[in-house]
Amino acid sequence: MNRSIKRSQIEKIYVKVNSDFDATGYMQPRSITWDDGRTFTIDQVKDFRPADMAGRSGDCYTVVIQGQEKHLFFERTDPLFSARFGRWFVERIVAV
């Protein structure tokens, strides 16, 4: 039996995220907006943990959007650029 094996690769999709900060400085994501303008409310943040991102520090939020659990990542930017704190992304698996 000859089966073709498909490889996959993870692609970062950068998104706009609205978030709140509490008095302790904790960042709480509230909604995600895609490039095409669609906005989705984050119903719940189930988990938060540090995440290694190829030499940069960041965080992984496990969120619930429309009943589905997703991972939302915050990638901290280079400390030399003080006007940029970081940016948000989700991962998408693409076949190569």
Side-chain angles (χ1 to χ4, degrees):
M1 180 181 286
N2 185 4
R3 294 184 183 180
S4 61
I5 299 173
K6 291 185 178 181
R7 293 184 182 188
S8 60
Q9 179 177 326
I10 295 176
E11 177 182 38
K12 290 181 183 180
I13 307 296
Y14 289 96
V15 293
K16 177 181 176 184
V17 174
N18 288 327
S19 54
D20 293 333
F21 291 83
D22 68 13
T24 67
Y26 178 75
M27 184 168 45
Q28 178 83 23
R30 298 292 183 191
S31 66
I32 297 173
T33 302
W34 295 93
D35 280 344
D36 65 5
R38 292 178 298 148
T39 298
F40 297 93
T41 300
I42 295 170
D43 302 316
Q44 179 185 7
V45 176
K46 292 184 79 170
D47 189 35
F48 163 82
R49 60 186 67 216
D52 181 33
M53 297 178 199
R56 289 194 177 176
S57 63
D59 305 307
C60 177
Y61 291 77
T62 302
V63 299
V64 177
I65 299 171
Q66 295 183 342
Q68 295 185 12
E69 199 170 282
K70 304 287 183 184
H71 289 107
L72 175 62
F73 297 90
F74 184 75
E75 176 183 69
R76 298 187 193 285
T77 58
D78 189 326
L80 297 175
F81 299 100
S82 61
R84 291 185 186 167
F85 181 63
R87 57 188 184 161
W88 295 93
F89 70 89
V90 294
E91 292 180 332
R92 176 173 64 180
I93 297 174
V94 293
V96 287

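Keep in mind that what you see is a predicted model, and the values were worked out from it rather than measured.
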- Message: Is there a side-chain contact between Ile42 and Arg30 in this structure, where contact means two heavy atoms from C-beta onward sitting under 4.5 Å apart?
- Response: no
message = Taking the side chain as everything from C-beta on, heavy atoms only, tell me whether Asp43 gets closer than 4.5 Å to Thr41.
response = yes
Mind running ring pair (Phe, Tyr, Trp, His ring centres under 6.0 Å) on Phe73 and Tyr14 for me, showing each step along the way? CA-CA 9 Å; Phe73 297 90; Tyr14 289 96; over 10 Å; no
Honestly curious: do [X] and [Y] fall in one hydrophobic cluster under the side-chain, below-4.5 Å linking rule?
X	Y	value
Ile10	Trp88	no
Val64	Val17	no
Leu72	Phe89	no

Atom pair [atom1] ([X]) and [atom2] ([Y]), whose distance is rounded to the nearest 0.5 Å:
X	Y	atom1	atom2	answer
Gln44	Ile65	CD	CD1	11.5 Å
Met27	Asp22	CE	CG	11.0 Å
Glu75	Lys12	CD	NZ	4.0 Å
Glu11	Ile93	CD	CD1	11.0 Å

task = Indicate yes or no: does Glu69 engage Lys46 in a salt bridge with an N to O separation below 4.0 Å.
result = yes
Taken in chain and number order and not counting sequence neighbours, the residues that satisfy side-chain contact (heavy atoms from CB on, under 4.5 Å) with Phe48 are Tyr26, Asp59, Tyr61
How close do [X] and [Y] get, counting heavy atoms only, and between which atoms?
X	Y	value
Phe74	Gly86	CZ-CA, 3.5 Å
Val45	Gln28	CG2-NE2, 3.1 Å
Val90	Val15	CG2-CG1, 4.5 Å

### Message
Is it true that, when you exclude Asp35 itself, more than 12 heavy atoms of the residues, nucleotides or ligands shown sit nearer than 6.0 Å to its CG?
### Response
no
